Amino acid sequence: MLIASWNVNSITVRLPHLLDWLKSASPDHLCLQELKTVEEKFPFDQLSEIGYSAHVVGEKTYNGVAILSKSTTECVSKFLPGSPEPFQSRLIEVCVDGVYILNLYVPNGSEVGSAKYEYKLAWFKALISYIEERHVKNGVVSDKLVICGDFNIAPEDRDVHDPAEWIGQVLVSEPERDCFRQLINLGMIDSFREFEQGAGHFSWWDYRMMAFRRKRGMRIDHILVSPPLKEALKRSWIDIEPRKLEKPSDHAPVIAEFEI
DNA sequence: ATGGTAGGCCCCCTA
């Protein structure tokens, strides 16, 4: 079974890339972020034609998340209780055959110390409570849980093209990394790092300054796996091919394979 | 300290 995650930066613009990628990669479930549209304009029909159903939380212009699946899934949640105001569509969770898939679009944070940065930290605090209430027993995640998404956090310096240049900045600041570590402390496993220890593996590159060509990126999109799924995890990787296309998303899809 | 590029939308905001 393949579970993938991709920040498409507008599903309207990226639909051709998305359909092509689904046909070639053929994931069982794909978590999408930054739809930038409302549910009424979501391309259910075109996705259905290639075998995918979808649960969607959209909004006009910003944010928006969805989970596409080949099989039928049960939607568990479409919002984050206790998240700071105003509401933003950044969380959706489904359940399928006893496996929970939680899809996140973590706030970007804009700049350390800004109001948006405080929103990001408050949002993550609510996220930890959400996970603790639903999936944690005795301090660890006891359910079969996969947390996918654009975390807007590069967990360690090896996930950053130039750590010295980025020190203390948004996406890499210690309070943000503390947020990520809280999930690790609940037992969640960074699937990518189970198979690859090296630096230079990125999932996002700024559109500006030819960042992709210059390999100046960050690994901020993640698939985390709970302890009950660890043995089933067989592979985890980043597919940078769609980032090479004309009019790409600034993010690449990340994929995890399970023997289930 | 700033700018560069992209997407959506209402001439600017977010990333």
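Letters A, B, ... are given to chains in the order of the sequence lines, protein chains preceding strands, and every chain is numbered from 1. The basis for the numbers below is simple: all heavy atoms, side chains too, and nothing from hydrogens, waters or symmetry mates. If you're wondering where the values come from, they're calculated on a predicted model, not measured in any experiment.
Rounded to whole Å, the separation between the C1' atoms of dA15(B) and dC9(B) comes to 15 Å. A gap of 25 Å separates the C1' atoms of dC11(B) and dA1(B), to the nearest Å. Nucleotides dT2(B) and dA6(B) have their P atoms positioned 23 Å apart, rounded to a whole Å.
At the phosphate of dA6(B), neither OP1 nor OP2 sits under 4.0 Å from any side-chain N or O atom of K36(A). The phosphate of dG8(B) (OP1 or OP2) has no side-chain N or O of K60(A) nearer than 4.0 angstrom. Regarding contacts with the backbone of dG7(B), a side-chain N or O of R14(A) is found under 4.0 angstrom from either OP1 or OP2.
In terms of the side-chain contact (heavy atoms from CB on, under 4.5 Å) criterion, residue partners of I50(A) (sequence neighbours excluded) are, by chain and number, L19(A), L22(A), K23(A), Y52(A). For H201(A), the ring pair (Phe, Tyr, Trp, His ring centres under 6.0 Å) test picks out F192(A), with sequence neighbours left out.
Between the CG atom of L35(A) and the P atom of dA15(B) there is a distance of 15 Å, rounded to whole Å. Taking atom CD on E165(A) and atom C1' on dG4(B), their separation rounds to 13 Å, with Å as the unit. One can place NE2 of H17(A) at 14 Å from C1' of dG7(B), the figure rounded to the nearest angstrom. A straight line from OH of Y119(A) to C1' of dA15(B) spans 15 Å, rounded to a whole angstrom. In this structure, OH of Y62(A) is placed 13 Å from C1' of dA6(B), rounded to the nearest angstrom. As a whole-Å value, the separation of N152(A) CG from dT14(B) C1' is 11 Å. One can place CZ of R214(A) at 10 Å from C1' of dG4(B), the figure rounded to the nearest angstrom. In this entry the distance linking NZ of K120(A) with C1' of dA15(B) reads 11 Å, nearest Å.
Mapping M209(A) and K247(A) onto DNA chain B by nearest heavy atom places M209(A) closer to the 5' end of the strand. Heavy-atom nearest nucleotides on DNA chain B were determined for K41(A) and for N108(A), and the one closer to the 5' end corresponds to K41(A).
Under the 30°/60° scheme for interplanar angles, the aromatic rings of F212(A) and W205(A) are found to stand perpendicular.
In the set dC9(B), dA15(B), dG7(B), dG7(B) carries the atom at the smallest distance from any side-chain atom of N9(A). With distances taken from any side-chain atom of S10(A) to the nucleotides dA6(B), dG4(B), dG8(B), the minimum falls on dG8(B). If you check dT5(B), dT14(B), dC9(B) against the side chain of T61(A), the one that comes closest is dC9(B).
Across all strands, F212(A) comes closer than 4.0 Å to no nucleic acid atom at all (heavy-atom distances). When heavy atoms are screened at a 4.0 angstrom cut-off, T12(A) is found touching the sugar-phosphate backbone but no base atom.
Salt bridge annotation for R181(A)-E174(A): present, with a cationic side-chain nitrogen under 4.0 angstrom from a carboxylate oxygen. Here R216(A) pairs with E165(A) in a salt bridge; the nearest charged N to carboxylate O distance falls below 4.0 Å.
In this structure, a donor-acceptor pair under 3.5 Å is absent between the side chains of S226(A) and Y100(A).
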